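Treat the numbers as computed from the prediction; the structure is a model and nothing was measured.
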Amino acid sequence: MLQRSKKSQARGAATQKVIMQAATQLFAERGFKGTTVRAIVETAKTSMGSFYHHFQDKSPSVFSAVRDAGKKTETPGFRCFLFLFPTGS
């Protein structure tokens, strides 16, 4: 049972990461206001249910999660996001 839980947690973390990567890409391309949850879900190739399982809505949750993740990584997408939306925005 414990092993299944770890697999489920890993799958959930992977899904959340894919959603955040899709959001980062779309925020950079379309801006925050021009990006819909549906567009994030389609780009991430996941479901609306998965999105709302991990995030309450687009506004504070995805924005904060992407920005916080960007502080921990060196990928160009996250650096671009941090440049466009510095801490404190």
Rounded distance (nearest 0.5 Å) linking atom [atom1] of [X] with atom [atom2] of [Y]:
| X | Y | atom1 | atom2 | result |
| --- | --- | --- | --- | --- |
| I40 | R30 | CD1 | CZ | 9.5 Å |
| R11 | S50 | CZ | OG | 10.0 Å |
| F55 | Q16 | CZ | CD | 4.5 Å |
| T36 | E42 | OG1 | CD | 7.0 Å |

Of all heavy-atom pairs between [X] and [Y], which one has the smallest distance, and what is that distance?
| X | Y | value |
| --- | --- | --- |
| L26 | T35 | O-OG1, 3.2 Å |
| H54 | G12 | CE1-O, 3.1 Å |
| M48 | R38 | SD-CA, 4.2 Å |
| A44 | I19 | CB-CA, 4.1 Å |

- Message: I'd like to know whether S8 forms a side chain to side chain donor-acceptor pair (under 3.5 Å) with S5, so could you lay out the CA-CA distance, the side-chain angles of the two residues, the decisive distance to 0.1 Å, and finally the verdict.
- Response: CA-CA 5 Å; S8 179; S5 178; over 6 Å; no
- Query: Going through the checks in order, is the side chain to side chain donor-acceptor pair (under 3.5 Å) test met by Q21 and Q25?
  - Reply: CA-CA 6 Å; Q21 288 172 335; Q25 173 189 335; over 6 Å; no
- Query: Given the rule in the side-chain contact (heavy atoms from CB on, under 4.5 Å) test, do V37 and Y52 qualify, once you have shown the distances and angles that lead to the verdict?
  - Reply: CA-CA 9 Å; V37 171; Y52 286 110; 3.8 Å; yes
